[in-house]
Amino acid sequence: MLRWGLIPAWAKDEKIGYSTINARAETMADKPAFREAFRWRRCIVPASGFIEWETVGKKKLPYHFRRPDHLPLSLAGLWERWTKGSEPIETFTIVVTEANDLVRPMHDRMPEVLADGDIDRWLDQETSPETLQAMLRPTDEGLLMKERVSTRVNNVKNDDPACLAVEDASLDLFQEAP
DNA sequence: CCAGACGTTGTT
DNA sequence: GTCTGG
DNA sequence: CCAGACGTTGTT
DNA sequence: GTCTGG
């Protein structure tokens, strides 16, 4: 099982993993923490979708960004193996890029969602860095939709499918009343 | 030359 | 491990 | 981002 | 309430 939060091979301390949960697509080829993984250890992170929050007053309303057909997304990832601790630890990070128009109202970044036709090239060690860089664009508009889900997802302790229970957004009109 | 950083913007 | 800043 | 700390050695 | 560490 890989742990989320990439620990570079040279790291003295695994704590760096707390701040390497994402790698910026624009710069990962050059960053010491990511460049070796970018060159040799690219991976796919399957996900039902991803969550971003809309801030309404003091409330945070979670939205699940997903495919309309409910198929999993193929997120671009990098992985590493760290052997400086008592046990080897394998870790990964999720590549992020600029948000597309659908996500931008909530956040300026989003995970790199690979088009089906790009998956093989992303994983192939023969693919040139230039070709890889070219496929790292904000996801095509229209591939994803957003759906309001339970605020259960706002608490990290709730690690279960109920987090993705769909909310009827229209109910918010009543819930917002003073 | 050595010391210190090396990463992102956040719900593992 | 490699680069940067001092 | 969330969780957890936050302070001093004592009588205004 | 606000800052810090993870």
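Computed from a prediction, not measured in an experiment: that's the story for all the values here. Here is how names work: the chains are called A, B, and so on, in the same order as the sequence lines, proteins then strands, and each is numbered from 1.
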Under 4.0 Å between a Lys/Arg side-chain N and an Asp/Glu carboxylate O for A:Asp124 and A:Arg121? no
Distance, rounded to the nearest Å, where A:Phe34 contributes CZ and C:dT2 contributes C1': 16 Å
How far does the P atom of D:dA3 sit from the matching atom of B:dT11, given to the nearest Å? 13 Å
Out of B:dT8, B:dT11, B:dT9, which has the shortest distance to the side chain of A:Arg109? B:dT9
Respond yes when some side-chain nitrogen or oxygen of A:Thr27 is under 4.0 Å from OP1 or OP2 of B:dT8, and no when none is. yes
Measure from the side chain of A:Lys60, starting at C-beta and using heavy atoms only, and say which of B:dT8, D:dC1, B:dC6 lies closest. D:dC1
From CD1 of A:Ile16 over to C1' of B:dA5, roughly how many Å is that when rounded to an integer? 9 Å
Closer than 4.0 angstrom, basic N to acidic O: yes or no for A:Glu36 and A:Arg41? no
Strictly by Watson-Crick or wobble contacts shorter than 3.5 Å, is anything paired with C:dG5, and which nucleotide is it? B:dC2
Both A:Pro32 and A:Trp53 contact DNA chain B. Which one's nearest nucleotide lies toward the 5' end? A:Pro32
Are A:Trp40 and A:Gln125 close enough that some pair of their side-chain heavy atoms sits under 4.5 Å apart? yes
Do A:Phe50 and A:Val103 have side chains that get closer than 4.5 Å, going by heavy atoms? yes
For DNA chain B, whose closest nucleotide is more 5', that of A:Lys31 or that of A:Gly17? A:Lys31
Is_stacked (A:Trp10, B:dC6) at 5.5 Å, 30 deg: yes
Distance, P atom - from D:dG4 to B:dC6, rounded to whole angstrom: 27 Å
Can you check the distance between E:dG5 and B:dA5, where both ends of the measurement are the P atom (answer in whole Å)? 13 Å
From C-beta outward on A:Arg35, which listed nucleotide comes closest to its side chain: B:dT9, B:dT11, C:dT2? C:dT2
Can you check whether A:Tyr18 stacks with the B:dT8 base, using ring centres under 5.5 Å and planes within 30°? no
Check whether any side-chain N or O of A:Ser150 sits under 3.5 Å from a backbone N or O of A:Ala165 as a donor-acceptor pair, and report yes or no. no
Does D:dG7 have a Watson-Crick or wobble partner in any strand here, with both distances under 3.5 angstrom, and which is it? none
In whole angstroms, the gap separating P of B:dA3 from NZ of A:Lys12 amounts to 11 Å
For the P atoms, the ones on D:dG7 and on E:dC3, what distance do you get once it is rounded to whole angstrom? 12 Å
Inter-nucleotide C1' distance (D:dG10, B:dC2), Å rounded: 48 Å
Do any side-chain nitrogens or oxygens of A:Lys15 fall under 4.0 Å of OP1 or OP2 in E:dG6? yes
Tell me: CD of A:Glu36 to C1' of C:dG1, nearest whole Å? 9 Å
Residue pair A:Gly77 / A:Val45: nearest heavy atoms and the distance that separates them: CA-CG2, 4.2 Å
Could you give the CD1-to-C1' distance, from A:Ile21 to B:dC6, as a whole number of Å? 17 Å
